[in-house]
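Throughout, a chain's letter reflects where its sequence line sits, starting with A, and its residues are numbered from 1. This structure is a prediction, so every number in the text was calculated from the model and none was measured.
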Number of protein chains: 2
Amino acid sequence: MATVPQAETSPASASNSRGRRNTRASGDDRERAILETAEQLLEERPLSEISVDDLAKGAGISRPTFYFYFPSKDAVVLTIIDRLVADAGSGQEAILTALAEAGPQAGLRTALQNLYGAFRSRPGVVRAGSDLRATNQEARDLWAQVMEGWVADVTAVIEFERSRGTAPAGQPAREMAIALVQMNERAQYATLLGEEPSLEGDRVLDVLIEIWLRAIYGTAEPG
Amino acid sequence: MATVPQAETSPASASNSRGRRNTRASGDDRERAILETAEQLLEERPLSEISVDDLAKGAGISRPTFYFYFPSKDAVVLTIIDRLVADAGSGQEAILTALAEAGPQAGLRTALQNLYGAFRSRPGVVRAGSDLRATNQEARDLWAQVMEGWVADVTAVIEFERSRGTAPAGQPAREMAIALVQMNERAQYATLLGEEPSLEGDRVLDVLIEIWLRAIYGTAEPG
DNA sequence: GAACTGTATCAACAGTGTGTTGAGTGGGTC
DNA sequence: GACCCACTCAACACACTGTTGATACAGTTC
């Protein structure tokens with residue numbers, strides 16, 4: 001069923017591989033201050049216009065001290081994204097069960113809505129994550145894992161529906177799943193950031209769901 | 001019918017708003033050398049790892065001299081992309097006529113194939129363009145125009161097919177068009193750059209076309 | 001309570017990139 | 001031969017990033 005990666009925070013300990021060099025003492029506040037400053041600044045301007053110095057100043061420390069807590073600006077953003085993705089993942093858990101309980105239409109709606117909801121409140125962070133993929137391999141890997149999880153879930157749904165006979169045959173389930181998940185990624189991202197052209201926030205789900213349902217359950221008999 | 005923007009090269013003159021400061025004399029070679037160096041380096045490594053000095057050296061000039069020809073590294077890439085987009089646009093011209101002549105299935109295939117073909121040979125340039133959108137407003141505007149052109153064309157097709165009665169009613173044509181065009185952008189980009197997960201190069205078109213046909217001509221009657 | 005250990009801090013440095021200034025050079029042209 | 005004007009670049013001024021080395025300071029430990 002492909003669970004979303006757990007953002008390597010082991011339950012009780014706080015030591016994040018991306019965070020501080022070692023330690024466990026007080027300076028937790030500083031680390032949190034840096035993360036909060038970053039989240040806040042990212043809603044104001046893109047990552048490329050935020051310097052390490054901005055983050056340090058915002059957290060009330062000097063630039064070298066910043067490097068005591070994080071190895072780079074990217075690492076801060078990756079930490080934030082790890083958490084966001086973990087949040088989104090926990091809401092995601094149950095595509096299959098939602099589908100089984102509520103039927104395809106309502107189930108899909110619930111699943112996509114949860115997902116969209118997790119990101120909607122922090123467009124700046126989403127944008128930063130997307131930007132990071134251009135230059136940062138770790139960001140690419142992280143997102144690839146997330147995508148892979150969704151694709152696996154959707155593939156399972158399509159195969160299940162086909163085997164039940166409720167969905168017609170067609171292109172391989174996994175390939176359909178990839179394209180559909182990519183569509184959602186792009187469309188929801190564009191909406192979140194208000195690109196032009198993009199779908200309105202209150203229209204995204206209706207439109208995407210219609211395409212998903214037709215792609216999965218429909219057949220085309222063009223005249 | 002929304003033609004793709006013509007990359008402001010007026011017919012005979014060579015003066016590009018993004019290029020050299022004024023002039024028209026000899027140094028055309030240098031300008032070309034810079035563009036060629038950029039295209040070549042972009043197939044080797046991402047834009048973020050190419051410096052103005054690399055471009056200057058590649059063209060056999062010093063860094064300050066580079067600035068005589070282009071105001072920035074971004075401007076070089078934008079010039080390259082302008083041209084690429086103009087090329088792709090000229091092949092694009094005839095979605096509607098292709099559809100009318102060959103029918104929806106073959107027509108769509110031809111249209112999407114032309115498009116994909118225009119970019120396939122220069123993935124590095126495509127990647128650079130995509131990366132640029134993160135930091136450069138002009139790049140965003142340029143791409144928005146291109147998207148808008150395609151969306152307008154596809155909207156017209158959907159509306160035409162619905163009015164003929166060959167496509168069923170559904171979500172507004174323009175909104176369907178936006179989502180479908182965004183899906184293609186994302187899926188073809190991922191394939192071009194070999195992201196994971198992505199569709200194989202020889203599968204992209206089959207999968208996208210099935211989704212397009214079902215989304216436009218199909219109805220979903222989930223069981 | 002002196003010596004030790006490890007967290008936490010930053011001034012100063014080194015390096016790499018960008019974009020600008022100002023001083024040329026050399027080929028037309030009147 | 002004086003004057004443009006396209007063209008060129010050494011040297012500069014910044015803005016970043018990441019590192020070094022010295023230091024403060026809070027607990028142990030004996």
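- The nearest whole Å value for the distance from the CZ atom in F68(B) to the P atom in dT18(C) is 20 Å.
- Between N136(A) atom CG and dT17(D) atom P there is a gap of 15 Å when expressed in whole angstrom units.
- With dT20(C), dA8(C), dT18(C) as the candidates, the nucleotide lying closest to the side chain of P64(B) is dT20(C).
- When the side-chain nitrogen and oxygen atoms of T65(A) are compared with OP1 and OP2 of dT9(C), none of them lie within a distance under 4.0 Å.
- One interatomic measurement links the two molecules: CG of D74(B) to C1' of dT18(C), which rounds to 12 Å at whole-angstrom precision.
- One atom, OH of Y67(A), and another, P of dC16(D), lie 12 Å apart when rounded to the nearest Å.
- Taking atom CG of residue D53(A) and atom C1' of nucleotide dA11(C), one finds them 13 Å apart after rounding to whole Å.
- Each of V125(B), T135(B), L41(B), V77(B) was evaluated against L47(B); a single residue qualifies, V77(B), per the side-chain contact (heavy atoms from CB on, under 4.5 Å) test.
- Within the nucleic acid shown, S51(A) comes within 4.0 Å of sugar-phosphate atoms alone, with no base atom in reach, counting heavy atoms only.
- Salt bridge status for E148(A) with R174(A): present, with a side-chain N to carboxylate O gap under 4.0 Å.
- Note: CD1 (I61(A)) to P (dG18(D)) measures 14 Å, nearest angstrom.
- A 4.5 Å side-chain heavy-atom check between E31(A) and E36(A) finds every atom pair outside the cut-off.
- Salt-bridge check for D29(A) with R32(A): passed, with a basic side-chain N closer than 4.0 Å to an acidic carboxylate O.
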